[in-house]
Amino acid sequence: MAITVSLPTHVQSAESASANGAAMMQFPEEVYVMLFDEVTNAKEIKDRVVAGDGSVPDCVMVNPALVVDAFQVQVACSRAFMNQRQGTMKTKTVLTEVLFAMSPTMNIAESMKQFGISEASTSILVIVPKGPNSLSSVETSLTQLINGKLCSSEETFSKMDRAHVEKIFKLKGVPVNANVSKIISGTIATKGYL
């Protein structure tokens with residue numbers, strides 16, 4: 001089942017078109033986050049996403065080992081939609097901008113490799129901007145696309161691999177009891193500014 005993550009209200013009012021007239025995805029009030037486990041068709045999914053297959057719902061497919069909690073998702077999504085609104089995106093779409101925002105690196109290819117799904121992925125965290133379709137229709141579309149088990153909302157962030165997170169975010173020496181979520185979210189929020 002999906003959990004709902006609300007986005008800050010001060011960044012929700014996006015223009016319906018950019019300065020050059022290209023259509024923009026409206027800044028959603030919320031995103032849905034769901035975890036699929038025991039996935040057996042990651043290669044097919046990745047190929048369809050990369051090819052721009054129109055049957056794939058507008059969503060971000062993330063490596064769940066690097067996602068600590070809903071706050072990290074909230075900050076990355078807010079950053080991506082704000083970049084879109086301000087015309088400062090580094091990637092081609094706002095959905096890939098979310099993946100890029102989640103990463104501590106300014107290297108787009110490295111961000112996609114680390115935070116996106118791989119052909120061998122057996123778990124996929126899916127972030128879906130709230131749109132005109134109901135949550136149940138989005139879940140139906142995703143369960144038809146992804147051969148795997150849709151996990152309960154309590155399990156959404158259960159795949160986080162602390163050792164992998166510490167390596168990617170260079171947290172060596174950070175005390176075990178430190179609030180890793182705040183450190184990561186701070187990194188996301190300030191990336192490119194410092």
Side-chain angles (χ1 to χ4, degrees), residues 2-12 25 27-37 39 42 46 49 59-86 88-91 93-118 120-130 151-194:
I3 65 165
T4 302
V5 177
S6 296
L7 300 180
T9 56
H10 68 281
V11 292
Q12 288 176 4
M25 178 179 277
F27 198 108
E29 295 176 8
E30 301 170 328
V31 293
Y32 303 122
V33 184
M34 54 197 89
L35 175 68
F36 286 84
D37 198 13
V39 175
K46 184 172 182 173
V49 169
C59 65
V60 182
M61 296 193 183
V62 183
N63 174 358
L66 296 173
V67 183
V68 175
D69 61 11
F71 188 56
Q72 180 183 359
V73 171
Q74 181 185 45
V75 173
C77 289
S78 296
R79 174 81 190 254
F81 280 98
M82 182 65 79
N83 288 352
Q84 180 194 37
R85 188 171 125 214
Q86 294 174 344
T88 59
M89 288 195 329
K90 305 289 188 228
T91 65
T93 71
V94 71
L95 297 173
T96 55
E97 192 76 7
V98 172
L99 270 180
F100 177 64
M102 293 188 102
S103 173
T105 181
M106 292 298 292
N107 183 312
I108 295 170
E110 190 66 24
S111 299
M112 300 302 129
K113 182 179 173 187
Q114 291 174 342
F115 283 81
I117 63 170
S118 73
S121 294
T122 56
S123 296
I124 301 174
L125 188 76
V126 182
I127 302 170
V128 183
K130 183 178 178 183
C151 297
S152 69
S153 56
E154 293 81 22
E155 297 174 279
T156 303
F157 301 103
S158 65
K159 295 294 180 179
M160 189 267 289
D161 178 346
R162 180 155 177 133
H164 197 185
V165 168
E166 288 175 355
K167 178 181 175 190
I168 297 297
F169 285 93
K170 297 176 177 50
L171 300 177
K172 189 173 184 170
V174 173
V176 174
N177 62 347
N179 189 331
V180 173
S181 175
K182 286 184 180 181
I183 295 168
I184 290 171
S185 297
T187 300
I188 292 169
T190 59
K191 178 169 116 177
Y193 294 117
L194 299 176

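Quick note: residue numbers are just sequence positions, from 1. As the structure is a computational prediction, the values presented were derived from the model and not from experiment.
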field: Side chain proximity check, Gln72 to Ile188, heavy atoms < 4.5 angstrom
entry: yes
field: Whether Lys130 side chain and Tyr32 backbone form a donor-acceptor pair below 3.5 Å
entry: no
task: Start with the C-alpha gap between Met160 and Asp69, add the side-chain angles, then the distance that decides, and say whether side chain to side chain contact (heavy atoms under 4.5 Å, CB included) holds.
output: CA-CA 9 Å; Met160 189 267 289; Asp69 61 11; over 6 Å; no
- prompt: Nearest 0.5 Å, what's the CD-OG1 distance between Gln114 and Thr105?
  reply: 7.0 Å
task: Would you indicate whether the side-chain heavy atoms of Met34 and Leu125 approach each other to under 4.5 Å?
output: no
task: Scan side-chain atoms only and decide if Thr91 and Glu97 contain a donor-acceptor pair under the 3.5 Å cut-off.
output: yes
- prompt: Given Arg79 and Met102, is the side chain to side chain contact (heavy atoms under 4.5 Å, CB included) satisfied, shown in steps?
  reply: CA-CA 9 Å; Arg79 174 81 190 254; Met102 293 188 102; over 6 Å; no
- prompt: Are Phe100 and Met106 side-chain neighbours, meaning at least one heavy-atom pair lies under 4.5 Å?
  reply: yes
- prompt: Are any of the side-chain heavy atoms of Ser185 and Val68 separated by less than 4.5 Å?
  reply: no
- request: For the residue pair Ile3 and Phe157, establish whether any side-chain heavy-atom pair is separated by less than 4.5 Å.
  value: yes
field: Donor-acceptor pair between Thr156 and Ser153 side chains, under 3.5 angstrom
entry: no
task: Could you walk me through whether Ile124 and Val62 pass side chain to side chain contact (heavy atoms under 4.5 Å, CB included), step by step?
output: CA-CA 6 Å; Ile124 301 174; Val62 183; over 6 Å; no
- request: Measure across Ser123 and Pro64 and return the closest heavy-atom pair with its distance rounded to 0.1 Å.
  value: O-CD, 3.4 Å
message: Just verifying a value: how many Å separate Lys172 NZ and Glu166 CD, rounded to the nearest 0.5 Å?
response: 10.0 Å
statement: d(Leu99 CG, Lys113 NZ) to nearest 0.5 Å is 14.5 Å
query: Between the main-chain N or O of Ser152 and the side-chain N or O of Glu155, is there a donor-acceptor pair closer than 3.5 Å?
result: yes
message: To the closest 0.5 Å, what do you measure between CZ (Arg162) and CG (Leu66)?
response: 13.5 Å
message: Return the CD1 to CE distance between Ile108 and Met89, rounded to the nearest 0.5 Å.
response: 10.0 Å
message: Taking the side chain as everything from C-beta on, heavy atoms only, tell me whether Val180 gets closer than 4.5 Å to Val165.
response: yes
query: Does a side-chain heavy-atom distance below 4.5 Å link Thr187 with Pro104?
result: yes
query: For the atom pair OG (Ser103) and NZ (Lys191), what is the distance rounded to the nearest 0.5 Å?
result: 5.0 Å
task: Compare all side-chain heavy atoms of Phe115 with those of Asn63 and state whether any distance is below 4.5 angstrom.
output: no
- prompt: Closest approach of Ala42 and Ser118, non-hydrogen atoms and distance?
  reply: CB-O, 3.4 Å
query: Which pair of non-hydrogen atoms, one from Val94 and one from Ala80, has the smallest distance, and what is that distance?
result: CG2-O, 3.7 Å
- request: Could you check Ile127 against Cys77 for side chain to side chain contact (heavy atoms under 4.5 Å, CB included), going step by step and ending with a plain yes or no?
  value: CA-CA 9 Å; Ile127 302 170; Cys77 289; 3.9 Å; yes
